[in-house]
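Input: a single structure, listed below in structure tokens.
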Amino acid sequence: MTSIELAGYDVVYRRPEALVNTTTHYCPGCTHGLIHRLIAEVIDELGIGDRSILVAPVGCAVFAYNYFNVDGCEAPHGRAPAMATGLKRSQPDKIVFTYQGDGDLAAIGTNEIIHAAGRGENLTVIFVNNATYGMTGGQMAPTTLSGQVTTSSPYGRDVELVGAPMRVSELISTIPGATYVVRRSVHNVANINKTKAAIKTAFQVQMQGLGLSLVEVLSTCPTNWHMTPANALQWIEDAMIPVFPLGDYRIADAVVPLTKRTRGGQ
Amino acid sequence: MAKELWKGNEAIAEAALRAGVEAYFGYPITPQTELLEYMAREMPKYPGRVFLQAESELAAVNMVYGAACGGVRTMSSSSSPGISLMSEGLSYIAGTELPAVLVDIMRGGPGLGNIQPSQSDYFQMTKSLGHGDYHALVLAPSTVQEAVDLTYESFELAEKYRTVVVILADGAIGQMMEPVELPPWRETLTEAQRPDWALRGAKGRPHRTLTSLNLTPEGLEQTNLRLQARLATVQRNEVRWEEEMTEDAELLLVAFGTMGRICKTALRAARRKGQKVGLLRPISLWPFPEQRLYELAGKTQHILVVEMNAGQMLLDVQAAVQGRAPIDFYGRMGGMIPLPDEINEQIDRLMAPPISQPELNQSGNGYHRHAAAAAVASRA
């Protein structure tokens, strides 16, 4: 990739250093790429790219290690918080973060995330909730909405049969070791900015050794939702947010100053 | 250094500490729990080393996986049911070509089974430690001293071959106390000594990736070929066994671990009676000492395999012997341990002039198999 410096122009947009200059495998309209960019911007702003380690999940983001200019590995399905624990405990000077989807974190990996939070591991967890299993072709996830049609709930999710959608941020916020737990969305610019601020705080929580930070991000899956990208963004607002309300679910006292600083800095 | 009396599980833990283990992750399960407890007590005394009790064996093995990604000397320990839970993670560690050490203090199975000594994880450890084509290097001690020595060596073996090394012992070795001479302390790795693939933060170098994922068949085939080439090197370099009185043996005992040492007692009793009995005790179960067994099979009249299982190593013995000698099997299961007298009874039976075999098959409380009968018959 050639980089061109244009004299006399202000640079208003630049690829973050922490983002690899490549195309991704994500579907058109999917917001994974956008969330990757927010993380990369935060890593650049905090200057932690040379000491960060990513633990990628099994799911659509399985190749996330190909897109970040940081050391990365790939965990068995759901086990990213355990693997990250092994990395962080043996290299406490590193910034270790997991990037997990709703199947990975909220189904097969509930044990690992709950106990990582329980131990107050100094990890940052980016939890991407798109209410479906994207990679395997749109099956019902723990976060699939009531009545939502998926390939494994072809008549719509029947909460009488399989229970109500799992609210991860609410659940994790009850665990003392999780000191920063918030839910954000990337369905419009205002919320994208809020998501970035939350991701930044989440990394700062780890840098200060304050415990586990988790940012749940409501994300689109136009392919498996069978929607246009624009309609998918609208669906987050209309259908997902009422079930998964945006907000701060736990901000421990020690973390409060960080949230103020981040807001002020934005 | 003078010998000290050590319990097996604690001696293994101490050997690992002296070998420079930096991160231990585990979960309580009888009969290995003293190993975890020893680490919990001792690890915090050494700055920079990590002890963490995981929420499950599933988490423990993935913590090992994470630490191993950083080029850190790391290990876990468990017992049979816990090892089953670890299978997924062990396969990922193998697929990512990382070093790690795992101690299995076997107990009776299947299922929850019991907490008595058993050797019924032989298949699991040597044949199917997880999905995909790979093997761990499996070392089976028969004394606490040997468990110490093999554990001490296991980390360098794991690093040399970028593989999982398993110390396969059983509840007897884990729980018994024996005099042990401990090895000297080794320094833990410095930053400069970390391997060139380790994830340590991409400072002044391109970022690194460790993954077992490769979606292209051509690419994954290359990974597998690389793995197999490395395993072939292990097979060439790391075959270990012990022999006793094999020179003139008319009957060759083949047994590993605890069963190997019990067979030594039976061997001595047989020799006192004038029976020419020898012993081959495989120490490395994978790679199996098949070449040496093949040679010995050509010189002996009969082979008796004794195991605390239904005949698992027996299959490797059959494959190695290739019909050169008849093979009998005697084993006990469920935590029962064949005693020397039982083994001597089998030796007496096999070394006596041939009479009606089916009747004698019923002798003893153990489980009999005439494993190589068909092969021998077809050869004749």
Side-chain angles (χ1 to χ4, degrees), chain A residues 17-20 25 43 47-59 62-96 98 108-119 121 123 135, chain B residues 21-25 43 48-74 76 86-93 95-96 98 100 130-131 188 191 194 197-215:
Chain A
E17 290 289 321
L19 212 54
V20 173
H25 69 290
I43 288 173
I48 53 173
D50 60 1
R51 61 185 180 111
S52 289
I53 302 176
L54 159 71
V55 183
V58 171
V62 69
F63 288 121
Y65 51 70
N66 285 336
Y67 306 139
F68 289 98
N69 263 325
V70 304
D71 278 3
C73 55
E74 195 284 306
H77 199 20
R79 319 283 173 243
M83 218 174 149
T85 296
L87 275 160
K88 182 71 180 185
R89 291 268 179 159
S90 57
Q91 300 186 66
D93 57 324
K94 302 303 187 304
I95 303 299
V96 180
T98 72
I108 198 166
T110 42
N111 215 30
E112 283 74 15
I113 186 62
I114 285 172
H115 286 277
R119 293 186 301 264
E121 297 290 345
L123 301 171
M135 187 174 72
Chain B
V21 69
E22 299 168 88
Y24 172 94
F25 306 96
M43 274 292 211
R49 301 206 195 189
V50 179
F51 165 84
L52 188 62
Q53 181 174 329
E55 66 269 28
S56 67
E57 287 90 349
L58 211 53
V61 73
N62 282 288
M63 290 173 186
V64 166
Y65 188 16
C69 282
V72 166
R73 279 199 174 153
T74 182
S76 185
M86 290 184 177
S87 293
E88 177 195 53
L90 293 169
S91 176
Y92 276 70
I93 291 171
T96 314
L98 297 176
H131 60 280
T188 50
E191 195 61 38
R194 300 287 173 197
W197 44 259
L199 307 186
R200 312 286 300 177
K203 193 165 197 162
R205 59 160 172 78
H207 73 106
R208 293 173 182 160
T209 299
L210 289 174
T211 180
S212 61
L213 177 67
N214 195 326
L215 282 187

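To find a chain, count down the sequence lines: A is the first, B the second, and so on, and within it residues start at 1. Computed from a prediction, not measured in an experiment: that's the story for all the values here. These numbers come from the heavy atoms of this one structure, side chains and all, not from hydrogens, waters or symmetry mates.
Neither the backbone nor the side chain of A:V55 comes within contact range of chain B, judged by heavy atoms closer than 4.5 Å. For A:V96, no part lies under 4.5 angstrom from a heavy atom of chain B. Contact of A:A56 with chain B is not made at all, since no heavy-atom distance falls under 4.5 Å. Heavy atoms of A:R51 lying under 4.5 Å from chain B belong exclusively to its backbone. Heavy atoms of B:R200 lying under 4.5 Å from chain A belong to its backbone as well as its side chain.
Considering CG of A:D71 and NZ of B:K203, their distance stands at 12.5 Å, rounded to 0.5 Å. For the atom pair B:E22 CD and A:Q91 CD, the distance stands at 9.5 Å (nearest 0.5 Å). The distance from atom CG of B:L199 to atom OG of A:S52, rounded to the nearest 0.5 Å, is 12.0 Å. Rounded to the nearest 0.5 Å, atoms OG (A:S90) and CZ (B:F25) are 5.5 Å apart. We find the CE-CD1 distance between A:M83 and B:I93 to be 8.0 Å, quoted to the nearest 0.5 Å.
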Quick one, B:L213 with A:Y65, criterion side chain to side chain contact (heavy atoms under 4.5 Å, CB included). Give me CA distance, side-chain angles, the key distance, then yes/no. CA-CA 11 Å; B:L213 177 67; A:Y65 51 70; 3.6 Å; yes

Could you go through the side chain to side chain contact (heavy atoms under 4.5 Å, CB included) check for A:N111 and B:S56 one step at a time? CA-CA 9 Å; A:N111 215 30; B:S56 67; 4.3 Å; yes

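For the pair A:E112 and B:E55, the minimum side-chain heavy-atom distance is below 4.5 Å. Considering only heavy atoms from C-beta on, B:L215 comes within 4.5 Å of A:F63 through its side chain.
Around CD of B:Q53, the count of heavy atoms belonging to other residues, nucleotides or ligands within 6.0 Å exceeds 12.
Within the 3.5 Å criterion, the main-chain N or O of B:A54 finds no donor-acceptor partner in the side chain of A:H115. Side chain of A:K94 to backbone of B:G201: no donor-acceptor contact under 3.5 angstrom is found. Panel note: side chain B:H207, backbone A:N69; no donor-acceptor pair is recorded below 3.5 Å.
Chain B forms the most heavy-atom pairs under 4.5 Å with one residue out of A:V70, A:T85, A:N66, A:V20, and that residue is A:V70. Comparing A:A82, A:P92, A:A116, A:A75 by heavy-atom pairs within less than 4.5 Å of chain B, the highest count is held by A:A82.
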Please report, to 0.1 Å, the donor-acceptor pairs under 3.5 Å made by any side chain of residues 61-72 of chain B, with sequence neighbours excluded.
unit_1, atom_1, unit_2, atom_2, d
B:N62, ND2, B:L58, O, 2.7
B:Y65, OH, A:E74, O, 3.4
B:Y65, OH, B:T96, OG1, 2.6

